[in-house]
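Everything on this sheet refers to the single structure shown next.
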Amino acid sequence: MFLVSKLFWMFAQPLSLAFFSTLAAVLALLFGLRRLSFGMSVAAGLILFVTLYTTAGSYVLQGLEARFPKPVGDPQELACMIVLGGAFETEVTTARGGIEMNQSADRFVEALRLARLYPQAVILVSGGDGSLSGAYEGDAVASARFFEAFGIGPERLLRETASRTTSENVDNSRAILSERGLDHCLLVTSAFHMPRAVGLFRTAGIAVTPWPTDYRTSGRVTLGLDFTQPTLNAQQTATAVREWIGLTAYALTGRIPTLYPAP
């Protein structure tokens, strides 16, 4: 399933769809299928226009982020937190060492803030190497250097190093939580990713408190044209599309109880 999902996303992301639609249009034209060629050309153009020059991606992403509202104030007490991986540039850190983070870095910045605020809290970092090659260290490995650099001792860390998907995050974390007698932990992940993550934990029978972070939108996005930042628009659209593909796939396979889990 991991390999299938990786290969599917290679073709399903918006810019790939635009490319293959263009390729199909050229092939159709070569075979004299002018109507089909015209239709595929229009489809490619529409995909590119919506992806690059509208706020559609940010608007959809904003809806995902709002599904589980950000808590008001910090918890009164905290025994444990689960931090889902995906924040480290693992190809770079494997080659160079150190701490190199990507746009999801807020997951670990927030976990660090909470760890310093609640010195008794245990931190379970779930994240292995999610690449096709399997040649890189995962987030759980890289995170040890991150927390150590800020004075969080290794005795407070639980590292789940084998997972490659969110579903595996949950499956592999369940045994660790059970072994340590931990429950009702904070779940720290990107806000847009929270519905899918919470749905998986619910199916696994693991009670968690959603703690969304890593917001990508202002919360005030409206649908419209935006010619000022096509690269960002493309990134936002890809993130939103990928998350909804994940929600749909997990719902269809019964791994989450509903298509769009809610609080």
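If you read the sequence from its start, that first residue is 1, and numbering goes on from there.
The two atoms that bring Ala25 and Ser41 nearest to each other are CB-OG, 3.3 Å, heavy atoms only. Shortest non-hydrogen contact noted between Pro257 and Thr203 is CD-OG1, 3.3 Å.
Among the candidates Trp244, Tyr250, Phe68, the single residue satisfying the ring-ring contact (aromatic ring centres under 6.0 Å, His included) test with Tyr260 is Trp244. A side-chain contact (heavy atoms from CB on, under 4.5 Å) with Ile123 is found for exactly one of Leu158, Leu112, Leu157, namely Leu157. Checked options Val83, Thr189, Asp106, Val109; the residue passing with Thr213 is Asp106 (criterion: side-chain contact (heavy atoms from CB on, under 4.5 Å)).
A donor-acceptor contact closer than 3.5 angstrom is absent between the side chains of Glu137 and Thr94. Side-chain contact, His184 with Thr209: no donor N or O sits under 3.5 Å from an acceptor N or O. In this model, a donor atom of one side chain and an acceptor atom of the other lie less than 3.5 Å apart for Arg255 and Thr253. Of the N and O atoms on the side chains of Ser163 and Glu168, not one donor lies less than 3.5 Å from an acceptor on the other residue.
Note that the OG atom of Ser58 and the CZ atom of Arg220 stand 13.0 Å from one another [nearest 0.5 Å]. Here the CZ atom belonging to Arg116 is positioned 6.0 Å from the CD1 atom belonging to Ile152, to the nearest 0.5 angstrom. Summarising the geometry, atom CG belonging to Leu124 is positioned 8.5 Å from atom SG belonging to Cys80; distances are rounded to the nearest 0.5 Å. For the atom pair Leu252 CG and Leu259 CG, the distance stands at 8.0 Å (nearest 0.5 Å). A distance of 12.0 Å separates CZ of Arg174 from CD of Glu160, quoted to the nearest 0.5 Å. To the nearest 0.5 angstrom, Thr54 atom OG1 is 7.5 Å from Leu223 atom CG.
A cation-pi arrangement is absent between Arg216 and Phe192 under the rule of less than 6.0 angstrom and at most 45 degrees off the ring axis.
His193 is listed as a side-chain neighbour of Thr166, based on a closest heavy-atom distance under 4.5 Å. When side chains are defined from C-beta on, Asp183 does not count as touching Leu177, because their heavy atoms never get closer than 4.5 Å. A heavy-atom distance below 4.5 Å is not found between the side chains of Pro263 and Pro210. In this structure, the side chains of Arg113 and Asp74 come closer than 4.5 Å at one or more pairs of heavy atoms. Contact of the Pro71 side chain with the Pro212 side chain is registered, since non-hydrogen atoms from C-beta on lie closer than 4.5 Å.
In terms of modelled atom types and a separation under 3.5 Å, the side chain of Arg67 and the main chain of Pro261 share a donor-acceptor contact. Gln62 contributes a side-chain N or O that, together with a main-chain N or O of Val221, makes up a donor-acceptor pair within less than 3.5 Å. Checked by atom type and distance alone, the side chain of Lys6 pairs as donor or acceptor with a backbone atom of Gly130 at under 3.5 Å. A side-chain donor-acceptor contact under 3.5 Å links Thr93 to the backbone of Thr90. Panel note: side chain Ser37, backbone Leu33; no donor-acceptor pair is recorded below 3.5 Å. Counting only distance, with no hydrogens or angles, the side chain of Thr237 and the backbone of Asn233 share a donor-acceptor pair below 3.5 Å. Using a distance-only test at 3.5 Å, with no hydrogens or angles considered, a donor-acceptor pair links the side chain of Gln13 to the main chain of Trp9. Under the 3.5 Å distance criterion, the side-chain polar atoms of Asp139 are matched with a main-chain donor or acceptor of Gly86. Between the Arg107 side chain and the Gly85 main chain, a donor and an acceptor come within less than 3.5 Å of each other.
Atom CZ of Arg180 is surrounded by 12 or fewer heavy atoms from other residues, nucleotides or ligands within 6.0 Å. The environment of CZ in Phe38 is sparse: at most 12 heavy-atom neighbours from other residues, nucleotides or ligands sit within 6.0 Å. Heavy atoms of other residues, nucleotides or ligands lying less than 6.0 angstrom from CZ of Phe8 number 12 at most. Annotation: Glu155, atom CD; neighbour count of heavy atoms from other residues, nucleotides and ligands within 6.0 Å is above 12. With a 6.0 Å radius and a threshold of 12 heavy atoms from other residues, nucleotides or ligands, Phe20 has its CZ atom above the threshold. Atom CD of Glu77 is surrounded by 12 or fewer heavy atoms from other residues, nucleotides or ligands within 6.0 Å. Phe11 CZ: 12 or fewer foreign heavy atoms inside a 6.0 Å radius.
One hydrophobic cluster, built from ILVMFWY side chains closer than 4.5 Å, holds both Tyr118 and Val125. Cluster membership check: Leu247 shares its hydrophobic cluster with Met194, using side-chain heavy-atom separations under 4.5 Å among Ile, Leu, Val, Met, Phe, Trp and Tyr. In terms of hydrophobic clustering, with Ile, Leu, Val, Met, Phe, Trp and Tyr side chains grouped at heavy-atom distances under 4.5 Å, Leu15 and Leu7 are assigned to different clusters. Under the 4.5 Å side-chain contact rule for hydrophobic residues, Phe147 and Val188 share a cluster. Residues Val92 and Met101 are members of separate hydrophobic clusters, defined by side-chain heavy-atom contacts under 4.5 angstrom among Ile, Leu, Val, Met, Phe, Trp and Tyr.
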Query raised in the report: Could you walk me through whether Lys70 and Glu65 pass the side chain to side chain contact (heavy atoms under 4.5 Å, CB included) check?
Result: CA-CA 9 Å; Lys70 188 174 184 177; Glu65 291 180 338; over 6 Å; no
Report task. Step by step, work out the side chain to side chain contact (heavy atoms under 4.5 Å, CB included) result for Thr217 and Gln236. Result -> CA-CA 9 Å; Thr217 72; Gln236 297 283 78; 3.9 Å; yes
Report task. Test side chain to side chain contact (heavy atoms under 4.5 Å, CB included) on Leu186 and Val208 and set out the steps. Result -> CA-CA 6 Å; Leu186 287 191; Val208 293; over 6 Å; no
Query raised in the report: Could you go step by step and tell me if Asn172 and Ile176 meet the side chain to side chain contact (heavy atoms under 4.5 Å, CB included) rule?
Result: CA-CA 7 Å; Asn172 296 345; Ile176 297 175; 6.0 Å; no
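Ion pairing between Glu148 and Arg156 fails under the 4.0 Å rule for side-chain N and carboxylate O.
Every residue two or more places apart in sequence or in another chain that forms a side-chain contact (heavy atoms from CB on, under 4.5 Å) with Val26 is listed here: Leu30. With sequence neighbours excluded, the residues forming a side-chain contact (heavy atoms from CB on, under 4.5 Å) with Ser131 are Asp129, Ser133, Tyr136, listed by chain and number.
Here the two rings, on Phe108 and Phe88, have centers that are under 6.0 Å apart.
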